[in-house]
Protein chains: 2
Amino acid sequence: MSRAKSEVLDAAAEVFMTLGAEAASIDDVARHLGATKGRIYHHFPSKGVLLAEVCLRAADFAHRAVHPVLDPDLPPDVQLRQMVCAHIPAVLGSLPYHKVILQSFVGMSQKSTTALERSLLADIRQERKAYETLFRDVISRGMACGAFRSQNISVALHSVLLMVNAPVFWYQPRAEDSTDFMTDLSEQLADMAVAALQ
Amino acid sequence: MSRAKSEVLDAAAEVFMTLGAEAASIDDVARHLGATKGRIYHHFPSKGVLLAEVCLRAADFAHRAVHPVLDPDLPPDVQLRQMVCAHIPAVLGSLPYHKVILQSFVGMSQKSTTALERSLLADIRQERKAYETLFRDVISRGMACGAFRSQNISVALHSVLLMVNAPVFWYQPRAEDSTDFMTDLSEQLADMAVAALQ
DNA sequence: TTGACAGCATACTCAGTAGTATGTTTGCAT
DNA sequence: ATGCAAACATACTACTGAGTATGCTGTCAA
């Protein structure tokens with residue numbers, strides 16, 4: 001992807017985050033770029049596609065961060081801890097994107113008319129489902145071997161996933177605390193996630 | 001509150017839930033009522049006030065449900081379990097309202113111009129903070145007496161609160177399962193919440 | 001040098017939307 | 001019966017915002 005297009009995506013993520021994806025206008029995004037609509041519509045055919053590509057990139061960020069730590073030979077509780085500790089910094093490092101994709105979970109507009117938008121939304125759902133499956137598998141393994149107590153796995157999965165995404169709701173990036181605070185936070189959330197399942 | 005006004009609020013909650021609060025228009029709400037804008041603007045001075053009153057009612061629903069089970073003499077883990085088991089059915093019983101208030105957490109438009117809207121938003125923040133304090137206190141008590149392990153209380157609070165609100169994201173009301181499923185779900189989430197803190 | 005295309009900016013169109021102004025009906029007290 | 005609000009419906013206005021059509025400018029290959 002070209003540098004210019006990536007800048008537009010970054011700006012869109014920030015503006016969509018602060019104003020809300022629906023409330024924010026293309027002109028708002030352009031203003032935040034110091035540009036005009038022309039630049040945005042040169043790279044993206046519609047607002048829906050722009051929004052979808054922001055969400056797709058958010059899902060991609062998380063997936064790319066967690067994938068390297070996957071190891072089927074690890075005990076489930078250790079594996080889950082690793083996944084959470086990889087997830088948190090990735091999410092907090094690209095916070096605007098994840099705040100936007102969170103909005104799309106709550107308020108499903110679904111007014112996507114064009115075929116391209118529908119295709120992108122399908123991609124997002126697939127990415128999201130694949131990411132969920134990563135966690136579902138490790139929880140399932142943990143229940144099978146007795147490391148986690150057995151309970152409704154869908155409920156457990158969604159609860160844990162939302163818990164480790166909770167910082168998206170309240171975290172505001174400060175200047176200094178970046179790495180220190182993030183490692184502490186990651187470990188605390190990993191502790192809670194594992195404890196919730198045991 | 002009059003019956004007619006309450007009906008408008010219900011319709012607004014449902015439409016705002018499905019279409020998103022910003023994307024949905026007053027005409028959409030009116031159409032869902034089988035009425036016209038006149039009815040809505042007779043009871044509410046603006047869309048912002050309508051949205052704010054939906055959110056306020058959502059906060060009120062949860063608060064009214066949990067308040068009766070509060071008992072400072074109960075052990076913290078038991079108390080928390082009771083609160084969660086009161087919270088879940090209340091939320092799932094008025095799901096549209098809570099889906100709307102969830103949207104306002106993620107996408108803070110904050111374009112409220114009128115004084116009335118600002119006042120209502122302040123009320124919502126206050127209600128929300130009071131509700132959080134209910135949980136913060138019991139977690140704090142649990143940490144003090146050793147029932148819960150000591151950790152960053154703000155992180156723990158937000159994590160637990162979001163976990164018990166997770167069903168708002170994924171729950172779709174079926175016909176039959178109402179009571180049975182809800183009690184099972186409540187107990188599972190209560191288990192996870194308590195376990196996450198121990 | 002020139003054309004040709006990427007990468008924008010400018011200046012529109014037009015559908016939809018919040019809000020208003022003004023009827024119209026219905027219940028109800030006197 | 002009648003005045004009179006409450007509780008709407010109807011018919012507007014003014015404006016925003018997505019999308020488009022077109023113009024402008026640098027770059028780069030031939």
Side-chain angles (χ1 to χ4, degrees), chain A residues 1-16 18-55 100 103-104 107 109-118 120-121, chain B residues 1-16 18-55 100 103-104 107 109-118 120-121:
Chain A
M1 177 181 313
S2 76
R3 177 71 189 155
K5 186 172 179 178
S6 184
E7 282 178 4
V8 174
L9 265 186
D10 285 345
E14 282 187 28
V15 173
F16 287 170
T18 56
L19 270 65
E22 307 287 346
S25 73
I26 296 292
D27 288 308
D28 288 331
V29 178
R31 219 169 300 147
H32 190 261
L33 275 168
T36 65
K37 294 159 79 127
R39 179 166 177 190
I40 294 172
Y41 276 100
H42 177 74
H43 293 284
F44 301 92
S46 74
K47 183 183 176 182
V49 169
L50 176 60
L51 175 58
E53 289 211 21
V54 168
C55 292
V100 172
Q103 293 176 22
S104 72
S109 314
Q110 298 291 52
K111 296 185 301 184
S112 48
T113 47
T114 75
L116 177 56
E117 288 177 14
R118 273 191 297 272
L120 282 172
L121 286 185
Chain B
M1 176 181 311
S2 77
R3 176 72 189 155
K5 186 170 178 179
S6 184
E7 282 179 4
V8 175
L9 265 185
D10 286 345
E14 281 187 29
V15 173
F16 287 169
T18 55
L19 269 64
E22 307 287 345
S25 73
I26 296 291
D27 287 309
D28 289 331
V29 178
R31 219 169 301 149
H32 189 262
L33 275 168
T36 64
K37 294 159 77 125
R39 178 167 179 188
I40 295 172
Y41 277 99
H42 177 74
H43 293 284
F44 302 92
S46 75
K47 182 183 177 182
V49 169
L50 176 61
L51 175 58
E53 290 211 22
V54 168
C55 293
V100 172
Q103 292 177 22
S104 72
S109 314
Q110 299 290 52
K111 295 185 301 184
S112 47
T113 46
T114 76
L116 178 57
E117 287 177 14
R118 274 192 295 273
L120 282 172
L121 286 185

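All chains are named by letter (A, B, ...) in the order of the sequence lines, taking the proteins before the strands, and each is independently numbered beginning at 1.
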Determine whether [X] and [Y] make a side-chain contact, defined as any pair of heavy atoms from C-beta on separated by less than 4.5 Å.
X: A:E53; Y: A:K5; result: yes
X: A:S104; Y: A:L51; result: no
X: B:T36; Y: B:D27; result: no

Touch class at under 4.0 angstrom, heavy-atom based, for A:S25 against every strand present: sugar-phosphate
Sugar-phosphate, base or nothing in reach of B:A24, heavy atoms under 4.0 Å: sugar-phosphate
B:K37 (side chain) and D:dA9 (base): donor-acceptor pair under 3.5 Å: no
Distance test, side-chain N/O of A:H42 to OP1/OP2 of C:dC8, below 4.0 Å: no
Any A:H43 side-chain nitrogen or oxygen under 4.0 Å from OP1 or OP2 of C:dA6: no
Flag, side chain of B:E22 to backbone of A:G20, donor-acceptor distance under 3.5 Å: no
Donor-acceptor contact below 3.5 Å, side chain A:E117 vs main chain A:S46: no
If I take atom [atom1] in residue [X] and atom [atom2] in nucleotide [N], what distance separates them, rounded to the nearest angstrom?
X: A:L116; N: D:dG19; atom1: CG; atom2: P; result: 12 Å
X: A:E7; N: C:dC8; atom1: CD; atom2: C1'; result: 13 Å
X: B:L50; N: C:dG19; atom1: CG; atom2: C1'; result: 14 Å
X: B:R3; N: C:dT26; atom1: CZ; atom2: C1'; result: 19 Å
X: B:E22; N: D:dG17; atom1: CD; atom2: P; result: 11 Å
X: A:R39; N: C:dT10; atom1: CZ; atom2: P; result: 14 Å
X: B:Y41; N: D:dA11; atom1: OH; atom2: C1'; result: 15 Å
X: A:K5; N: C:dC8; atom1: NZ; atom2: P; result: 12 Å

Minimum-distance nucleotide to A:T36 side chain [options: C:dC8, C:dT10, D:dA9]: C:dT10
Side chain of B:A35 (C-beta onward), nearest among D:dA9, C:dA9, D:dG19: D:dA9
